Amino acid sequence: MDAPAAFRQQLLAAIPRLRRYARSLMLDAHAADDLVQTTLERALAHWHQFDQRRDLVVWLIGIAHHAHLDELRRNARLTVVDPAQAQAHADARSFDPGPDLGLRVDLVAALRRLPLEQREPLLLVAVEQLSYAECATVLHLPVGTVMSRISRGRVALRALLEGQGREAKAARTLRRVI
Amino acid sequence: MNTPDDNKLSAWLDGELDAQEAAQVEAWLGERPEAAARVREWAADRDALRARFDPVLNERSPQRLTKAVLESGSRLARPWALAAAMAGVFVLGGAVGALVAWQAAHTDPAALAQQAPVPWVQRAAVAHSVYVPEVRHPVEVNVADRTAPDVRAQEEHLARWLTRRLDVPVKLFDLREHGYELVGGRLLPDVAGPSAQLMYQRAGGGERVTVYLRKPDSGPEADAPAAFHYARRGELGLFYWVEGAAGYALVGALPRDKLLALAEAIHRQGSAVEVPALR
């Protein structure tokens, strides 16, 4: 059965928050929206599994988390880049300086270098303002693990931000167009 | 109270402690200005993260996402509906194909950009189109249709010859696992010097794919990590990348996933073994 119109409306309303989470996870607007699209498609295909008593955004973030892991596994061997896509990436970057350039570069560069297992719970709690319990549900981890990864993430992020001036540039170029 | 560890301080910042524990942590922090300063930094980082990503909330949702919710999704997920839709496509046939091509060409600049990849990849595509239809002289050095020891000797000759002329380690990739036999290779003119083309054919006289090899233009790219790029020119699909001392372009009239499997095999073999240049 097709997803009912009411569910689709709920999904539409959730897109901005889903995009924020995906952006903070991927640190790239285009890749983030790809992840959001995959998430929405999966949500539509499994809409009947959603318990209306739960928070839809938390449910969607859980789907996005798994979709991202799937993608990491798929891409573990190789990076595939369409030239047009790569160009679009470059354009998106150059046209979106963000609210505070200096702050953004440092913060994003530091985030990029934070291990995913610390970055994700930290973002879920700090930016998405999920509770530790919600975060544990999304990541399929015990609450205690979530708590320690968040605190380790905070310590590591601070260290990266403080020691960064010298190395910030080294982390920049991950892909190139031939 | 006992000294609270980072977990507890961090949980306090996130409002995860019950009232009694929170009060204890606050009292403890009140007497430890250094620890309090540290927690304030964490709070500042948290605020900076929010400030960085909150603006996304005010962006307009891209059309493709709202469309994904409102239009696509579960309707086509039903197998019979998908089959029916595909049958419709076949019935309409060329008309639909032409329309899609027309739309792609007129509405999607990305599609146009894909038709014009970098110049040397263009040359790889042209070389493919020129030699693949050849019946009698598809390659300069033929390694197929020989007895086993002969094949080996001829392969060795081809690899050494191309390696010497290109000044790039040329490896003859083994694609038999994917059903492709090496036909042979030839030397080609590139802009600044020679390049090479290796031709493979699907066992039993099937379709041919070519691998174009060249020494990359000098530049900072030489020690950058490999990235696969994909392009289509009409029927032809191209995967191209630069790794180590060589630029590679795989060309074939194959669907993207099949071509990618071959490209991955070539990439694996190319980075695994190098034939030393023998002069």
Side-chain angles (χ1 to χ4, degrees), chain A residues 1-3 8 11-12 15-17 19-21 23-24 29 32-33 36-37 40-41 43-45 47 77-88 98-100 103-104 107-108 111 122-123 125-127 129 131-132 144 147-148 150-152 154-155 157-158 161 173-178, chain B residues 5-11 13-16 38 41-42 45-46 48-59 61-62 64-66 68-70 72-75 77 109-111 113-114 117-118 120-121 216 220-221 224-231 239-242 247 260 263-264 267:
Chain A
M1 205 171 83
D2 278 3
R8 290 175 191 256
L11 274 189
L12 279 186
I15 288 178
R17 282 198 58 195
R19 289 186 76 226
R20 176 177 64 179
Y21 162 72
R23 188 80 61 90
S24 70
D33 282 341
V36 172
Q37 185 162 355
L40 293 171
E41 283 163 2
L44 282 165
W47 68 272
R77 286 194 308 178
L78 278 170
T79 317
V80 178
V81 186
D82 280 340
Q85 250 178 34
Q87 192 54 50
D100 179 337
L103 178 66
R104 184 185 77 106
L107 195 60
V108 169
L111 268 184
L122 181 59
L123 288 167
V125 169
V127 179
Q129 304 188 37
S131 68
Y132 284 11
M147 176 161 72
S148 69
I150 289 170
S151 83
R152 275 188 286 136
R154 283 202 159 108
V155 172
L157 182 67
R158 196 86 290 278
L161 286 169
T173 312
L174 294 172
R175 289 167 172 172
R176 87 212 121 77
V177 177
I178 301 164
Chain B
D5 60 10
D6 281 354
N7 286 355
K8 185 151 271 185
L9 293 176
S10 165
L13 180 61
D14 291 324
E16 290 280 334
R38 200 155 157 258
E41 283 181 338
W42 292 350
D45 289 345
R46 178 196 60 196
L49 286 171
R50 286 182 192 163
R52 171 63 186 101
F53 295 108
D54 280 354
V56 178
L57 294 176
N58 299 323
E59 292 175 10
S61 301
R64 65 163 164 144
L65 298 182
T66 52
V69 170
L70 294 177
S72 70
S74 47
R75 189 170 306 147
Q114 282 184 6
V118 289
W120 71 269
V121 177
E221 75 206 24
F228 273 20
H229 299 263
Y230 178 71
F239 269 102
Y240 56 102
W241 67 97
V242 171
L260 177 59
E264 284 181 321
H267 175 264

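Naming convention: chains lettered A, B, ... in sequence-line order (proteins, then strands); numbering from 1 in each chain. Since we're looking at a predicted model, the values are computed, not measured. Quick note: numbers below take in every heavy atom, side chains included, and nothing from hydrogens, waters or symmetry partners.
- In this structure, the separation between CG on A:Leu107 and CG on B:Leu49 is 5.0 Å, given to the nearest 0.5 Å.
- Only the side chain of A:Leu40 has a heavy atom closer than 4.5 Å to any heavy atom of chain B.
- Contact of the A:Ile15 side chain with the B:Glu59 side chain is not registered, since no non-hydrogen atoms from C-beta on lie closer than 4.5 Å.
- Between the B:Arg46 side chain and the A:Ala126 main chain, no donor and acceptor come within less than 3.5 Å of each other.
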What's the verdict on side chain to side chain contact (heavy atoms under 4.5 Å, CB included) for B:Leu65 and A:Arg19, showing C-alpha distance, side-chain angles and the deciding distance?
CA-CA 10 Å; B:Leu65 298 182; A:Arg19 289 186 76 226; 3.9 Å; yes
*A:Arg158 vs B:Asp45, side chain to side chain contact (heavy atoms under 4.5 Å, CB included): CA-CA, chis, key distance, verdict*: CA-CA 8 Å; A:Arg158 196 86 290 278; B:Asp45 289 345; 2.7 Å; yes
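- With sequence neighbours excluded, no residue forms a side chain to side chain donor-acceptor pair (under 3.5 Å) with B:Glu16.
- By the side-chain contact (heavy atoms from CB on, under 4.5 Å) test, A:Ser151 pairs with B:Asp6, B:Asn7, B:Ser10, sequence neighbours left out.
- In terms of heavy-atom proximity, B:Val56 sits nearest to A:Pro16 at CG1-O, 4.4 Å.
- Here B:Trp42 contributes atom CH2 and A:Ile150 contributes atom CD1; the two are 11.5 Å apart, rounded to the nearest 0.5 Å.
- The most heavy-atom pairs under 4.5 Å with chain A, out of B:Asn58, B:Leu13, B:Asp5, come from B:Leu13.
- Taking CG of B:Asp54 as the start and CZ of A:Arg20 as the end, the distance is 5.0 Å to the nearest 0.5 Å.
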